[in-house]
J.: 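Next up is a structure, given as structure tokens.
Note that this is a predicted model, so its numbers are computed, not measured.
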Amino acid sequence: MATRANYSFLDTPSASDWNTYILNGGLVYLADYELASATQLNINYAFSYPATQFRNYRVVISNLIGATAGTLLIRMLNGNTVWATGAYATAYSSAYRQTTSASPTVVTTGGASGGSAWVSVTFDTTTPAHLVFDIINPNHTNRTAFQGRGGILGDSLNTFAGQLSDASVFDGIALTRFGGGNIACNAQVYGYRTET
């Protein structure tokens, strides 16, 4: 991929710059999902774009609500198959750190749970949560990893990371509430384009 020398202050890209440099790589909007209330929210085919163009993705979850207060679990999808049982139940490893504005020095930590990555971003019916995370290698035969951050219920701030100890290819993710129950959210998927 061609690169250009740094732009100077108030430098305006030319048409040639756009075609040669700017449109070649970077974060590209791919899809928008409005996920109605259900016990499992599938973001189907979020990572089904050409593997030569997209290796890594960014997922933005907004307005996550649930019938009761809860925390979020993430599982990988292959088509409509959720990787959560059998050998895959032990494939997830994840950890999170949570603080609040009321107690910024008190840190709560946790790990993987029940065949899923435990994000632990908290939400309820009136206070939606928001989170953003990068997911690495979901559509390649390498271990899939992710890292991100989110919050808000009770002014909680969360950071989280994890991976699957498996080199399978995935094309989507499933969101569920820890302990069960309906959730709803909006999701946007972006891809880190590596070439045109």
Side-chain angles (χ1 to χ4, degrees), residues 29-48 57-86 88-102 108-136 138-139 144-164 168 170-191:
Y29 168 80
L30 297 173
D32 200 329
Y33 300 81
E34 190 170 323
L35 302 168
S37 182
T39 56
Q40 177 177 301
L41 304 180
N42 287 356
I43 303 178
N44 291 106
Y45 310 110
F47 317 124
S48 61
Y57 295 83
R58 172 160 286 196
V59 179
V60 179
I61 306 293
S62 58
N63 300 318
L64 173 67
I65 59 170
T68 57
T71 57
L72 187 67
L73 300 177
I74 295 175
R75 295 181 171 101
M76 300 308 297
L77 286 174
N78 194 341
N80 285 315
T81 302
V82 181
W83 284 46
T85 59
Y88 311 123
T90 59
Y92 294 90
S93 60
S94 68
Y96 73 88
R97 291 172 56 92
Q98 181 181 64
T99 62
T100 66
S101 59
T108 304
T109 59
S113 176
S116 62
W118 192 356
V119 172
S120 193
V121 61
T122 51
F123 55 87
D124 65 12
T125 54
T126 58
T127 309
H130 313 284
L131 65 147
V132 58
F133 60 93
D134 288 335
I135 186 159
I136 297 95
N139 58 342
T144 297
F146 72 93
Q147 59 182 355
R149 61 196 179 282
I152 295 184
L153 182 64
D155 294 328
S156 66
L157 306 170
N158 303 275
T159 58
F160 51 88
Q163 71 168 0
L164 269 75
S168 296
F170 304 103
D171 58 16
I173 56 174
L175 310 175
T176 59
R177 178 188 172 278
F178 180 70
N182 283 14
I183 57 174
C185 72
N186 296 322
Q188 291 79 41
V189 176
Y190 299 82

J.: Whether the side chain of Asp171 engages the backbone of Gly79 through a donor-acceptor N/O pair (distance < 3.5 Å, no angle test) should be reported.
T.: yes
J.: Judged by atom type as modelled, is there a donor-acceptor pair below 3.5 Å linking the side chain of Tyr92 to the main-chain atoms of Trp83?
T.: yes
J.: Would you mind reporting whether Phe146 and Pro138 have side-chain heavy atoms less than 4.5 Å apart?
T.: no
J.: Applying side chain to side chain contact (heavy atoms under 4.5 Å, CB included), name anything that partners Arg177, two or more places apart in sequence or on another chain.
T.: Thr68, Phe123, Ile183
J.: State the CG-CD1 distance between Leu35 and Ile43, to the nearest 0.5 angstrom.
T.: 5.5 Å
J.: What distance do Ile136 atom CD1 and Thr144 atom OG1 have between them, rounded to the nearest 0.5 Å?
T.: 9.0 Å
J.: Test Phe47 against Val59 for side chain to side chain contact (heavy atoms under 4.5 Å, CB included), laying out the working first.
T.: CA-CA 10 Å; Phe47 317 124; Val59 179; 4.2 Å; yes
J.: Treating Asn78 as the side-chain partner and Thr81 as the backbone partner, does any N or O pair qualify as donor plus acceptor under 3.5 Å?
T.: no
J.: How close do Cys185 and Leu41 get, counting heavy atoms only, and between which atoms?
T.: SG-CD1, 3.8 Å
J.: Taking side-chain hydrogen bond (donor to acceptor under 3.5 Å, both in side chains) as the definition, give me every residue that meets it alongside Gln163, ordered by chain and number, with sequence neighbours left out.
T.: none
J.: Using 30° and 60° as the class boundaries, would you call the ring planes of Tyr29 and Tyr190 parallel, tilted or perpendicular?
T.: perpendicular
J.: For Ala161, enumerate each residue passing the side chain to side chain contact (heavy atoms under 4.5 Å, CB included) test, keeping only those at least two apart in sequence or located in another chain.
T.: Gln147
J.: Got a sec, which residues hit side chain to side chain contact (heavy atoms under 4.5 Å, CB included) with Ala31, two or more places apart in sequence or on another chain?
T.: Tyr33, Tyr49
J.: Report the residues that fulfil salt bridge (charged side-chain N to carboxylate O under 4.0 Å, His left out) with Arg149, sequence neighbours left out, ordered by chain and then residue number.
T.: none
J.: Going by side-chain hydrogen bond (donor to acceptor under 3.5 Å, both in side chains), name the residues that satisfy it together with Asn44, two or more places apart in sequence or in a different chain.
T.: Asn80
J.: Which atom names give the shortest non-hydrogen contact between Ile65 and Thr125, and what distance separates them?
T.: CG2-O, 4.1 Å
J.: Quick one, Ile74 and Leu175 - any side-chain contact, counting heavy atoms below 4.5 Å?
T.: yes
J.: Heavy-atom distance under 4.5 Å between the side chains of Val60 and Val132, does that happen here?
T.: yes
J.: Can you tell me how far apart CD (Gln188) and CG (Leu30) are? Round to the nearest 0.5 Å.
T.: 11.5 Å
J.: Please walk me through it: do Leu164 and Phe170 pass side chain to side chain contact (heavy atoms under 4.5 Å, CB included)?
T.: CA-CA 11 Å; Leu164 269 75; Phe170 304 103; 3.6 Å; yes
J.: To the closest 0.5 Å, what do you measure between CD1 (Ile173) and CD1 (Ile61)?
T.: 5.5 Å
J.: Mind checking ring pair (Phe, Tyr, Trp, His ring centres under 6.0 Å) for Phe133 and listing every partner two or more places apart, or none if nothing turns up?
T.: none
J.: Can you list the residues that meet the side-chain hydrogen bond (donor to acceptor under 3.5 Å, both in side chains) rule with Thr176, with sequence neighbours excluded?
T.: Arg75
J.: Okay, side chain of His130, backbone of Leu64: is any donor-acceptor separation there less than 3.5 Å?
T.: no
J.: Could you list the residues that satisfy side-chain hydrogen bond (donor to acceptor under 3.5 Å, both in side chains) with Ser62, not counting sequence neighbours?
T.: none
J.: Please name the pair of heavy atoms, one in Asn63 and one in Pro128, separated by the smallest distance, quoted to 0.1 Å.
T.: CA-CB, 3.6 Å
J.: Going by the rule side chain to side chain contact (heavy atoms under 4.5 Å, CB included), which residues pair with Thr90 if we only count those two or more places apart in sequence or in a different chain?
T.: none
J.: Any pair with a residue in residues 181-191 that passes salt bridge (charged side-chain N to carboxylate O under 4.0 Å, His left out), sequence neighbours left out, goes on the list, sorted by first then second residue, please.
T.: none
